[in-house]
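Each remark here refers to the structure printed beneath this line.
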Amino acid sequence: MLCLYHTFGCKLNFAETSTIAEMLENRGIMRCGDGEIPDIILVNTCSVTGEADKKCRQTIRSFHRRYPDAGIVVTGCYAQLKPQEASALPGVVIVAGSDRKNSLPDYIERWIADNNAQCLITPLQQMTAFSPSCSRGDRTRYFLKVQDGCDYWCTYCTIPRARGRSRSASIEEIVAQAEDVARKGGKEIVITGVNIGDFGKGTDKGFIDLCRALDEVEGIERYRISSIEPNLLTDEIIDFVAQSKRFMPHFHIPLQSGSDEVLRLMRRHYDTALFRRKIERIRRVIPHAFIGVDLIVGARGETAQEFERSYAFVESLDISRLHVFPYSERPGTRALEIPHVVSQEDKHDRAARMIALSDARLADFTGRYIGTGRKVLLEHSAAGQPMGGFTDNYIRVSVDAPAHLDNHIVNVMLDEAVAGSETVSGHLLSGEE
Ligand code: SF4
């Protein structure tokens, strides 16, 4: 039996798809290769915007047209939020909610045996199980899920309805997974979750305890903390990263708006003053840290004046890059009660201004390190192409290096920005060949 995988959305979804694929391979259902015909198609969906829902539906219909005999399995946030709609799509034989991903091998075996369609959704209030996931996301990095769900209920977001309440694995379980990655030769782990700063909620252990425990795992040379809410990024965590040799100087922090009024309408858990303090502390104790910031433009309530406030605030921060998302309406969210709606044209213009600001910040940040040597974890590339990789502080680098240095950390001199890309070209420092 062959299974074809298609994943939408966040890194967590990609990690979970890899975990499902491993579990299915252990039961003899192998990954479908190029040119092969799948018996099963697994679509791990996203529902972050109305557009995401549409893409999921289109993709499922197109798979069915192309492979009419394959059974289509739909899981993830769209499946959780719209199970009846997903079940009615052509070719769909299993719809499994967000907390059912690790049971998919059982559901698939049942379908193979009896050919009966299944729709398996846990009501939100009962969604308490934590499905572990640790997978090789790309050639060198592993994505380790430590937490799932969210209790914050920001007014524009459907994730708490799709993934349920905040819950985590134990520190012991996560350390065991990290040790397993080290045994497999993995060097870098990205710590992922929906709201990872909430790790351990309801227990006497928090995210900082998890970081300290992971820092002791022999063999793992790099950890990166994926997106963490600013109010949960404590000074203790920042100071810990500053002194750790394994936690990389790299933060990804959702701001969402630089206007206090819009933050209030979004029901975020901080204001711009707190956000500024976090950025300033990072810069004080880790001057070379990469700081990526998420930002939504054109949210309901973002008047022209509030956008200008937001722009001025972001412009005043010493950050490395913005991830700009035009606001998208989500049915069922409380944001729809906010009367001021931003036109598509204004959203587009605001996104363009923020993206231009982001490009300038990134060029400035990478420019500070041209002519300096930094450690890069090398990744094998296609034959004839230079190797790629990231510096400790998340600058993308391309470098000519022998193939045996794949998955090795080496010293690279950063030479110059590659025109039209976010990459810096470099060369190996002597002694690294
Ligand atoms: S913190 Fe807010 S935006 Fe992030 S997942 Fe939770 S509810 Fe959604």
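Whatever order the structure lists them in is the order used to number ligands and atoms, beginning at 1.
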For [X], I'd like to know if atom [atom1] has over 12 heavy atoms of other residues, nucleotides or ligands within 6.0 Å.
X    : atom1 : value
R368 : CZ    : yes
K55  : NZ    : no
Q243 : CD    : yes

Item to check | Taking atom 6 (Fe) of ligand 1 as the reference point, the nearest protein heavy atom with its distance | outcome: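 Going by distance alone, atom 6 (Fe) of ligand 1 is nearest to C150 SG, 2.3 Å.
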
Checklist entry - Got the closest protein heavy atom to atom 2 (Fe) of ligand 1, with its distance? => result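 Going by distance alone, atom 2 (Fe) of ligand 1 is nearest to C154 SG, 2.3 Å.
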
Next on the checklist: Strictly under 2.8 Å, is atom 6 (Fe) of ligand 1 approached by any N, O or S atom of C157?
Outcome noted: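 Checking atom 6 (Fe) of ligand 1 against C157, no N, O or S atom falls under 2.8 Å.
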
Residue [X] vicinity, atoms of ligand 1 by number, heavy atom under 4.0 Å:
X    : answer
E229 : 1 (S)
R268 : 1 (S), 2 (Fe), 3 (S)
P160 : 7 (S)

Checklist entry - Relative to the ring of Y394, is the ring of F390 parallel (under 30°), tilted (30 to 60°) or perpendicular (over 60°)? => result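 Answer is parallel, since the angle falls under 30°.
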
Checklist entry - Where's the contact between P254 and ligand 1, heavy-atom distance under 4.0 Å: side chain, backbone, both or neither? => result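 P254 to ligand 1: no contact under 4.0 Å from either part.
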
Checklist entry - Between Q256 and ligand 1, which residue portion shows a heavy-atom distance shorter than 4.0 Å: side chain, backbone, both, or neither? => result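 Neither; no heavy atom under 4.0 Å.
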
To the nearest 0.5 Å, how far apart are [atom1] in [X] and [atom2] in [Y]?
X    : Y    : atom1 : atom2 : value
T272 : D260 : OG1   : CG    : 3.5 Å
I370 : S425 : CD1   : OG    : 7.5 Å
L265 : Y156 : CG    : OH    : 12.5 Å

Item to check | Nearest neighbour of atom 5 (S) of ligand 1 from the list V194, D294, I296, on a heavy-atom basis | outcome: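 Ranked by closest heavy atom to atom 5 (S) of ligand 1, first place is V194.
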
Checklist entry - atom 3 (S) of ligand 1: which of Y156, Y152, W153 has the nearest heavy atom? => result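 The nearest heavy atom belongs to Y156.
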
Checklist entry - Out of curiosity, is H269 lining ligand 1, as in a heavy atom under 4.0 Å away? => result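 Not so, H269 does not reach ligand 1.
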
Next on the checklist: Would K145 pass as a cation-pi partner of F130, given that its NZ or CZ must be under 6.0 Å from the six-membered ring centre and within 45 degrees of the axis?
Outcome noted: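 Yes, a cation-pi geometry.
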
